[in-house]
There are 2 protein chains.
Amino acid sequence: MARGRPPAHTREQVVDAAIGIADVEGLGAVTMRRIAQDIGAGAMSLYTYVPDKDRLVDLMVDRISGTVPPIAITGDWRTDLLALARSQRTLMRAHPWLPTALPNRRLTGRNTLAYLEQGLAALEPTGLPGSIKMEIVALLTGLVATFVTAEVAGTTPVPEQVALIGEAVASGDFPQLAATLAEGGQGREPDFDRIAGWTITGLVTQALNS
Amino acid sequence: MARGRPPAHTREQVVDAAIGIADVEGLGAVTMRRIAQDIGAGAMSLYTYVPDKDRLVDLMVDRISGTVPPIAITGDWRTDLLALARSQRTLMRAHPWLPTALPNRRLTGRNTLAYLEQGLAALEPTGLPGSIKMEIVALLTGLVATFVTAEVAGTTPVPEQVALIGEAVASGDFPQLAATLAEGGQGREPDFDRIAGWTITGLVTQALNS
DNA sequence: GCAATTATCGTACGTCGTACCAAAAATAGT
DNA sequence: ACTATTTTTGGTACGACGTACGATAATTGC
């Protein structure tokens, strides 16, 4: 029944290899030749499994989205949305290239849709209009991406930025910034649950009151 | 006093040419050869004005940030933060490549710092700790970027996504999504002021109450 | 004039995505 | 068994990219 030369690999193999490279060396290290080398194939053979590189990234996103277990819907939107945000954060921390890959990307598969579905389910008890629910889910995803990006990048202070900020503060043109930096780190450190909780509660309650 | 052969162009000229290309044809169309051609220079001459392409993008971001007039600080954080968010949105709509360029980008210049300064100034009356103020500004920027990205991309429905969603809905596995889509567009359409207002109020009031 | 200095930009290298196509490996029909 | 058909493989090659290198040109200071 299966005519023609049998494939030596699978689409999943290709996508998984790409994800493995991106996880360790970043999305920039993902090239067709590199993937091919990793799975022991010729570069051009990959095009049997994937139409082009852009779609491959779409497939990468959808595939890792499938690795997240669905959240339990309790019926309390606060709890459920926070659980969803948490699982997204876990996913993005495991695959730090994800926030970079997300913008301008099409909805690519059932796993990505499943995420949206869960967001809508979490918001069901609010009785908000569907379009508002969609917005809230999108904004929540953006928030998590912003947070994780800052979280991952924030660990390494770039000396050249320190210099810029230092002389900016010294110039006296940025009094608020100077005061904030002088204040030091005695503020609470970034806490995902707190931030996400604020946003969720803020967005939904404001939406309900308008 | 200025020894050696005089420069035929300026850094601003190079950066502005790059911005012009990006505005019309997207960030992907910005190449060193293309910029050089636009300003009538050899490709390699650009390296007199800019260390490399990555820094050039940094300079692009900082330069357009300088085109935004500073907001008037009224002392009401709600008003001032919304004004800041609005001006950021205006900027991002005028330069749609900006949300794409933002993630993982270093603070590059005084104009970018000035934006941060304004955010801190707007939050001054709240009396929140500096680190919290910083977070709120960062999250607000992320929110605007998310919104504008959706706003700009949302105008063109991709047929291939419609097909995916259609069959997903037909499969019955996504009841919430199906219900939401069936509900149609009778919900209010995305309104930036409303969304930004929710988030600002939500974030700040929750921060104050915790 | 003559060095010293600085900018210009043609050439070239390595890397990328991927178009093209001959070779290889399987089945279906005879 | 053989042939025709179908499908995958992967080598070669093309155009575009960022940019290293270095010869050349244009300016100032002595």
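Naming convention: chains lettered A, B, ... in sequence-line order (proteins, then strands); numbering from 1 in each chain.
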I need a per-nucleotide contact map over nucleotides 13-18 of chain D, read 5' to 3'. Cutoff is protein heavy atoms under 4.0 Å; write B for the base, S for backbone only, - otherwise. B---BB
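Here the side chain of A:E117 pairs a donor or acceptor atom with the backbone of B:Q176 at under 3.5 angstrom. Listed for the B:Y115 side chain is no donor-acceptor partner under 3.5 Å among the backbone atoms of B:S65. At least one donor-acceptor pair closer than 3.5 Å links the side chain of B:Q118 to the backbone N or O of B:I71. Judged by distance alone, with hydrogens and angles left aside, the side-chain atoms of B:N111 form a donor-acceptor pair with the main-chain N or O of B:D62 at under 3.5 Å.
Rounded to an integer number of Å, the gap from CD1 of A:I39 to C1' of D:dG10 is 12 Å. Per the geometry, CG belonging to B:L46 stands 13 Å off P belonging to D:dA20, to the nearest Å. Atom pair A:Q37:CD and D:dT9:P shows a separation of 17 Å (rounding to whole Å applied).
Scanning both residues, A:D52 and A:Y47, for their nearest heavy atoms gives CA-CE2, 4.0 Å. The two residues B:V50 and B:V14 make their nearest non-hydrogen contact at CG2-CG1, 4.4 Å. Residues A:R63 and A:V15 share a closest heavy-atom pair of CD-CG1, 3.8 Å.
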Using a cutoff of under 3.5 Å, can you pull out all pairs of nitrogen or oxygen atoms linking the protein to nucleotides 26-29 of chain C, with atom names and distances?
unit_1 : atom_1 : unit_2 : atom_2 : d
C:dA28 : OP1    : A:M1   : N      : 3.3
C:dA28 : O4'    : A:R3   : NH1    : 3.0

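Backbone-only engagement by B:A8 is indicated by non-hydrogen atom pairs under 4.0 Å involving sugar-phosphate atoms exclusively. Contacts of B:A36 with the nucleic acid, taken as non-hydrogen atoms under 4.0 Å apart, are absent.
Between B:K133 and A:E183 there is no salt bridge, since none of the side-chain N atoms of the basic residue sits less than 4.0 Å from a carboxylate O of the acidic one.
In terms of phosphate contacts, A:T48 brings a side-chain nitrogen or oxygen within less than 4.0 Å of OP1 or OP2 of D:dT9. Side-chain nitrogen and oxygen atoms of A:S45 include at least one within less than 4.0 Å of the OP1 or OP2 phosphate oxygen of D:dG10.
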